[in-house]
Number of protein chains: 2
Amino acid sequence: MQHSKNIAIVGTGLVGSLLALHLKQKGHTVTVFDRRPDVRKVEFSGRSINLAMSNRGWKALREAGIEEEVRKLAIPLYRRAMHVNSSPAYFQNYGKEGEAIYSISRGVLNRKMIDLAEAAGAEFRFEEKVWDVDLSEAKLYTGESEKGNWQEYDFDLIFGADGAFSRVRHKMQRQSRFNYSQHFIDVGYKELRIPANADGSHKLDKNSFHIWPRGKFMLIAMPNLDGSFTCTLFLPFEGEHSFESLTTAAAADEFFSLHFPDIKDEISNLTRDFFKNPTSALVTVKCFPWVYNDKIALVGDAAHAIVPFYGQGMNAGFEDISELVRLEEIHGDDWEQIFSGYQNLRKPNADAVAELSYRNFMEMSSKTADQHFLLRKKIEKSFAEKHPEKWIPVYSRVTFSEAPYAEALKMGDQQAAIMDEIMRMPKIEEKWNSAEVEQKILEMLKGS
Amino acid sequence: MQHSKNIAIVGTGLVGSLLALHLKQKGHTVTVFDRRPDVRKVEFSGRSINLAMSNRGWKALREAGIEEEVRKLAIPLYRRAMHVNSSPAYFQNYGKEGEAIYSISRGVLNRKMIDLAEAAGAEFRFEEKVWDVDLSEAKLYTGESEKGNWQEYDFDLIFGADGAFSRVRHKMQRQSRFNYSQHFIDVGYKELRIPANADGSHKLDKNSFHIWPRGKFMLIAMPNLDGSFTCTLFLPFEGEHSFESLTTAAAADEFFSLHFPDIKDEISNLTRDFFKNPTSALVTVKCFPWVYNDKIALVGDAAHAIVPFYGQGMNAGFEDISELVRLEEIHGDDWEQIFSGYQNLRKPNADAVAELSYRNFMEMSSKTADQHFLLRKKIEKSFAEKHPEKWIPVYSRVTFSEAPYAEALKMGDQQAAIMDEIMRMPKIEEKWNSAEVEQKILEMLKGS
């Protein structure tokens, strides 16, 4: 049996709420701080990308006993619907029969998870900003302003679940030998919305993840329970087609008419939302260490923010919590062991999913129109169908398994090396579906 | 003719002082802030690595009209003296006849440069810490403590010359889309000292850079004008041979007896200094952008701190100032143009010298004992001697030329690719000095 600890969590987002629930279930005293108002009492921010819950996320929710509750908020997406030019969408299944990712509204899920953690006994303190952290003493300082009077809180442990721009990490960063990087990509995003039909039904197939790929930019849409879709436009900040170049309603309207004629009229209040909703940036954050002695640990985006192009941000954060829970069961009260095991096990996987996500951005933004790339995908798919046990696509390893991300990345690199060889075969365009190609892949798989 | 601006520089180190002098020479009003006391009035810190001034540094000093003054403080080093095991040192010339790097004590140089900038009319404000910067208004806030009362200063421009842990950059880092990384290597360093002989002469050849390479760690020594040498021990923080493992005077003494028997007895107060002087960490800092509109610019380590293994940190910082001066002469009063030209021209070169320095760390720490590596170096050297116009070693491009660092890196990569091929030739150990090898290099050079 563990001793009950007095634990603070900074950040009431998805990962912070899940952690709060878990820690309450273990019998700890839990206080959760957030500088923002209670998300249950305010309108959503207009800067969310819908979540794609996949296996890792569900596993963590199952462990907390709330999988069924959350399933009610989710819509399964079995396939991508690709809207290329004005031709009808074509569909690509994500996995095998029945495999799906699940669209959930971030706000809806966050409200539910705070409800569940609060019901379990966690105390939530909203609109209370943490200005400073004493790392070695696990003290928090909150207050109205940086120069005003601060309230001091004493804890046994503090978790930083305060996102990509974490204040807790910010304090750790001032230490010597703290490795840190933040890298922004040149593409930003903006939220838009496709409302439901008058009868409440969805305007597009609701069990698909909709993509309008356009080379350097793209639009996506994910369904909500109320029949609407949350859309996200990913667009470079600068350049020919860019947020910088769309400064008037007329320009934005023309841009959508030209590039998204099939969906433009379904997007409600297009130009109003385009200028009302913020243009948000996308960052990859890496750091190490993630913990300070047995006192402080970073979880979720605070430790490893990634770009959203693999739909794994929340899943990776939830997997952090799974790992912490598992280690707590092994090491009991020894938080130094729990924390050091946690960071050493999770760091390589966090780096791997960051790399996979960044590569998917490169792939989506530049390669989807490349014939060579499409042929390569076709060969992979054909081989995987013939030899499903020998060729598990990286996407499936990441999305429909719970094997480590680092393993998925490594297997993916091996597959890529094989495909590089295959694509160098003379006349590959003609013989891509031949026994010769199949045989060559089989041989290389034996060697790798 | 330019309009005189009211300019602040944060940081009174080498780059800050040189910039102050230059700006005074252009007729600006210059105030230089530092949180530390006046280096002219305190003892040196015991954490400096002697500087190696090379061509880029001298060029910047020449432009400021102070080359001759500084030459008086410098000792030319024409060669490396390698102390391998207990055999006598062997010597490797750095370049051609007369080419040298110059050893200067950081403290001595810094005092001189502050004197020169002050004499030119720059105002120095020591022990005044900058807590905050208003980027868009170019205001500085200083004070006794973060939460105390602050003094506000209004400037036209502010330069952050405040080093690897720059406060000015720290403020810029909170902006969206600011890319930033700090990466510490696992090796730290400690300063030690070899005093002069009784007659004031040097105990080792004074025109050599002395190195005791020992695989994962090494000792270096650089001469001072007073007959002493400043030594630096580079050693991993953790592991078998590490700072962590040397916690007692007896252990430190035994470590030096075992690994540096030929020099141990010359190091004065070895164990006292070993425990008195701090163990310092080594960081590479990269960021972008370096400027904020026409108001703020980062220079030197604040923009691009690098590990010291190429001896280019100060030289790269001084080259920033050369570039700024050149651009000021072109663009006159247009500081937006000056700043944007500055960051776009300097950033690729700063990245290149960071990469070169990091690679030299890898090379020095792991490869110096590798026979394959030594053979490779021998082939390169032999070819370069026969064809000096066709094969300029990277070290010479970096150290004895003023051509861009990025070019040196690129040429170095081309040379490395050629040498990879050469080292794959069968029986290269036997025929390394043959016409066949020479011919093959010549052919590959044509192709590259």
Side-chain angles (χ1 to χ4, degrees), chain A residues 47 131-133 141-152 162-167 169-190 235-238 242-244 278-289 305 307 340 344 351 354 358, chain B residues 47 131-133 141-152 163-167 169-190 235-238 242-244 278-289 305 307 340 344 347 351 354 358:
Chain A
R47 61 190 307 158
W131 290 104
D132 200 9
V133 184
Y141 299 88
T142 70
E144 288 291 316
S145 74
E146 187 150 22
K147 297 199 75 171
N149 287 326
W150 288 349
Q151 162 91 33
E152 179 183 305
D162 47 347
F165 303 100
S166 167
R167 192 82 192 182
R169 187 192 65 226
H170 184 249
K171 181 73 184 190
M172 292 170 74
Q173 192 189 321
R174 303 297 284 182
Q175 298 171 93
S176 189
R177 300 185 67 201
F178 187 81
N179 289 333
Y180 176 73
S181 72
Q182 60 184 45
H183 175 78
F184 288 86
I185 57 174
D186 294 333
V187 166
Y189 71 91
K190 192 177 288 281
L235 183 68
F237 284 105
E238 288 95 17
S242 67
F243 285 112
E244 190 189 56
T279 303
S280 303
L282 295 163
V283 70
T284 302
V285 171
K286 296 183 182 178
C287 67
F288 201 81
V307 293
S340 101
N344 291 328
D351 285 347
Y358 184 74
Chain B
R47 61 189 306 157
W131 290 102
D132 201 8
V133 183
Y141 300 88
T142 70
E144 288 291 316
S145 74
E146 187 150 21
K147 296 199 76 171
N149 287 327
W150 289 347
Q151 162 91 32
E152 179 183 306
F165 302 101
S166 168
R167 192 82 192 180
R169 187 192 66 226
H170 184 250
K171 181 71 184 190
M172 291 171 74
Q173 192 188 321
R174 304 297 283 180
Q175 298 170 94
S176 188
R177 301 187 68 201
F178 187 81
N179 289 334
Y180 176 72
S181 73
Q182 60 184 44
H183 175 77
F184 288 86
I185 58 174
D186 295 333
V187 166
Y189 71 91
K190 192 177 285 283
L235 183 69
F237 284 105
E238 288 95 18
S242 67
F243 284 112
E244 191 189 55
T279 303
S280 302
L282 294 164
V283 69
T284 302
V285 171
K286 295 182 183 178
C287 67
F288 201 79
V307 293
S340 103
N344 291 327
K347 173 66 174 165
D351 285 347
Y358 184 73

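By convention in this document, chain letters (A, B, ...) are assigned in the order of the sequence lines, proteins followed by strands, and residues within each chain are numbered from 1.
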Measure distances from A:Phe288 to the heavy atoms of chain B and classify the residue's part below 4.5 Å as side chain, backbone, both or neither. neither
Is atom CD of B:Glu144 surrounded by more than 12 heavy atoms (other residues, nucleotides or ligands) closer than 6.0 Å? no
Could you walk me through whether A:Asp186 and B:Arg177 satisfy the side chain to side chain contact (heavy atoms under 4.5 Å, CB included) test, starting with their C-alpha distance in whole Å, then the side-chain angles of each, then the deciding distance to 0.1 Å, before giving a yes or no? CA-CA 8 Å; A:Asp186 294 333; B:Arg177 301 187 68 201; 4.2 Å; yes
Evaluate the side-chain proximity of A:Gln173 to B:His170: yes if any heavy-atom separation is below 4.5 Å, no if none is. no
Any non-hydrogen side-chain atom of A:Glu146 less than 4.5 Å from a side-chain atom of B:Glu146? yes
Has the side chain of B:Gln182 got a donor or acceptor atom that lies under 3.5 Å from a matching backbone atom of A:Ser181? no
Could A:Lys147 and B:Trp150 be counted as a cation-pi pair, given that NZ or CZ must be under 6.0 Å from the ring centre and within 45° of the axis? yes
What residue, out of A:Phe165, A:Phe178, A:Phe237, has the most heavy-atom pairs lying under 4.5 Å from chain B? A:Phe237
